[in-house]
Amino acid sequence: MDPILEIRDLSKRFGGVEAVKAVSFDVPRGSLVGLIGPNGAGKTTFVNLVSKHESPDTGSVLLDKRPIHRLPSFKVARAGLARTYQKNRLFFEESVSENIRTAMIWGGAAKHQDLSYPGLKGKEEERTAELMEFFALTAQRDALPSGLSHLHRRRAEVAQALALAPKLLMLDEPFAGFSREEAFDLIDHLKVCQKGGLTMLLIDHNMEVMLEVCEYLFVMHHGALLASGTSAEVRANPEVINVYLGAET
Amino acid sequence: MIESLLPTRSARAIVGWSIVAAILVLLWVLVDNNYYLRLLISAGIAMIGVIPFGLLMGHMGYMAMGQGGFIGVGAYVVGCLTVQRFEIDIWAALPIAIMVVGALAYAFSFALFRLRGYHFSIGTLALGQLLYLAFDSWEWATGGPHGTSGIPRPAIGEFVFATNSRFLIIVSVFVFLAGFTSWWLARGHVGRALNAIRQDEDLAGARGLDVLRYKQLIFTFAAVWAGLAGGLYGSMQISIDPSSFTIWGSFQYVIYVIIGGAGTLLGPVIGVIFITVLDQLIADVGVWNQMILGALIVITVLFFRGGLWGGIRMLWALALKNRSADRSAVSTQAGAAE
Ligand SMILES: Nc1ncnc2c1ncn2[C@@H]1O[C@H](COP(=O)(O)OP(=O)(O)OP(=O)(O)O)[C@@H](O)[C@H]1O
Ligand SMILES: [Mg+2]
């Protein structure tokens with residue numbers, strides 16, 4: 001296996017809460033992996049640690065063999081790791097196209113030659129237009145985030161993250177509030193990007209969708225990695241069943 | 001029409017800020033009275049410090065409450081270099097003062113920008129207070145509670161800006177420079193970065209912006225101009241003591257920005273003018289003037305988020321809309337008559 005992301009012994013404590021406990025795993029290059037776990041399992045904290053929104057107490061993170069856990073968040077982003085947020089986040093005073101273009105400017109010109117998903121080639125204007133077209137946002141180009149539907153806002157957020165031309169994209173519950181059709185529509189788009197070389201780590205509570213879509217799954221519980229495997233393996237794992245039956249209705 | 005006369009944005013900025021500076025000088029012709037003349041100079045000096053401060057507080061959303069300290073450092077460095085301990089020319093002392101304040105602000109910015117929101121405000125407040133204590137106790141450099149006196153006025157060759165009317169000219173030139181450099185800095189990518197930091201700085205970082213660098217840049221820029229304002233203040237007053245550089249001075253900058261309009265370059269200018277005029281109007285009502293001022297701040301914060309300048313622009317937009325509505329009404333009437 002050729003891992004693009006190597007997590008070793010990552011931990012974070014908030015006062016008495018061990019939000020992430022000695023988590024280690026690898027994400028294979030070009031894969032679409034899932035991270036699941038009940039509420040409060042530490043999934044968002046994990047993403048925050050890797051993207052450096054928070055500093056880990058211990059542990060290391062290698063992106064493409066390069067240590068990134070000591071870099072500030074903007075350097076992590078420029079190194080090729082982008083993320084989206086559980087609670088939708090965009091620059092609320094900027095239009096959709098400005099939101100996308102801004103990330104493009106700050107992230108630096110597309111520099112990862114081995115990638116080939118939408119929005120990577122040409123000048124900023126062309127790249128922005130291509131990304132908006134890909135996510136069917138062209139009609140909303142001048143709209144403010146507050147004027148967008150939930151669906152469009154989510155898409156705009158993913159488009160903004162992709163504007164960084166990342167190698168790895170971490171999506172924190174992108175399907176929350178989506179119907180099954182809407183979730184699969186976004187997944188279809190993500191799969192196109194995967195064909196273009198993008199690696200993805202997906203977080204969601206919708207088990208049905210996750211088990212169907214992800215090639216490999218990691219299960220977190222109480223901050224620690226509880227299990228990992230293919231969807232068949234995870235589905236059959238008694239500990240996972242126990243946790244999910246215990247925590248979710 | 002303005003676009004056709006002044007095709008580039010920088011030309012418009014130069015002309016705009018020249019007009020602001022020119023108004024300041026021309027007002028002197030109208031007042032012709034030393035008391036009002038000093039008010040004009042004070043207002044000009046306040047503008048020099050508060051226009052760049054507006055970028056920090058308004059554009060970037062970091063309400064620093066220690067600018068009074070930087071004003072004081074600027075004033076005392078000039079005082080120390082020109083009279084207290086050395087006797088160098090004020091034209092040499094001013095740039096040194098600027099460098100000292102800039103270095104100080106930059107050094108403290110590392111610690112201060114570990115803080116956000118009101119924590120940052122409290123942190124800067126503490127820094128301002130710390131500097132105030134230094135002014136009061138470091139007698140060697142500052143003269144302690146008695147302060148420093150005999151700070152000279154600048155001169156160009158034989159021409160000494162000794163009289164207040166001459167001094168106003170220098171102040172106006174620096175008002176222009178403060179306005180123009182702030183505009184220059186805020187246009188384009190720095191302005192975009194500042195707005196993004198105000199909206200969501202974590203997101204800006206996650207999208208590749210070196211947030212800390214921009215914060216430090218703007219904090220230092222605002223401090224440098226506050227320091228220059230302080231140097232000019234010292235020169236205007238001739239003698240200074242710690243009582244001029246208390247928290248109240250820092251607080252006033254914040255008020256100028258809130259009342260005038262945060263997030264715009266002209267807002268702080270309007271704020272200074274408004275407060276200066278208001279101070280004169282309510283000076284006679286004793287304790288009540290503080291209450292009136294307080295009430296105005298509350299009203300502005302509650303109802304005019306854009307401050308006075310925001311209000312003016314809103315009225316202007318309304319007037320334009322009414323005019324075009326009148327016109328279209330006239331033209332439809334004309335059309336109906338035909
Ligand atoms: N900044 C913080 N300060 C204190 N505690 C925190 C902080 N962030 C997270 N926690 C705690 O860490 C634990 C993990 O939270 P986290 O948000 O990572 O879980 P999650 O798996 O994303 O949950 P969900 O599925 O509800 O989004 C929780 O107990 C939470 O209360
Ligand atoms: Mg979460």
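Bear in mind the structure is a predicted one, so any value in this text is a computation, not a measurement. Every chain is numbered from 1, with letters handed out A, B, ... down the list of sequences.
Applying the ring pair (Phe, Tyr, Trp, His ring centres under 6.0 Å) criterion to B:F219, with sequence neighbours excluded, gives B:F70, B:F113.
Heavy atoms of other residues, nucleotides or ligands lying less than 6.0 angstrom from OH of B:Y118 number 12 at most. More than 12 heavy-atom neighbours from other residues, nucleotides or ligands sit within 6.0 angstrom of NZ on A:K21. Summarising the local packing, CZ of B:R187 is surrounded by more than 12 heavy atoms from other residues, nucleotides or ligands at distances under 6.0 Å. Counting heavy atoms of neighbouring residues, nucleotides and ligands inside a 6.0 Å radius, atom NE2 of B:H189 does not exceed 12 of them.
A salt bridge is defined here as a Lys NZ or Arg NE, NH1 or NH2 lying under 4.0 Å from an Asp or Glu carboxylate O, and A:E98 with B:R192 meets this definition.
Closest heavy-atom contact between B:G208 and A:A77: N-CB, 3.9 Å. Of all the heavy atoms in B:A196 and A:W106, the pair that sits closest is CB-CH2, 3.2 Å. Residues A:Y85 and B:A206 come closest through the heavy atom pair OH-CB, 3.2 Å.
With respect to chain A, the highest number of heavy-atom pairs below 4.5 Å among B:D202, B:D210, B:D200 belongs to B:D210. The most heavy-atom pairs under 4.5 Å with chain B, out of A:K52, A:R83, A:Q160, come from A:Q160.
Atoms CZ and CD, on A:F91 and B:Q199 in that order, are 6.5 Å from each other to the nearest 0.5 Å. Once rounded to the nearest 0.5 Å, the distance linking CG of A:N99 with CG of B:L203 reads 7.5 Å. Interatomic distance, CD1 of A:I105 versus CZ of B:R207, reported as 14.5 Å (0.5 Å rounding).
B:V211 places none of its side-chain heavy atoms less than 4.5 Å from the side chain of A:F74.
Contact of A:A163 with chain B is not made at all, since no heavy-atom distance falls under 4.5 Å.
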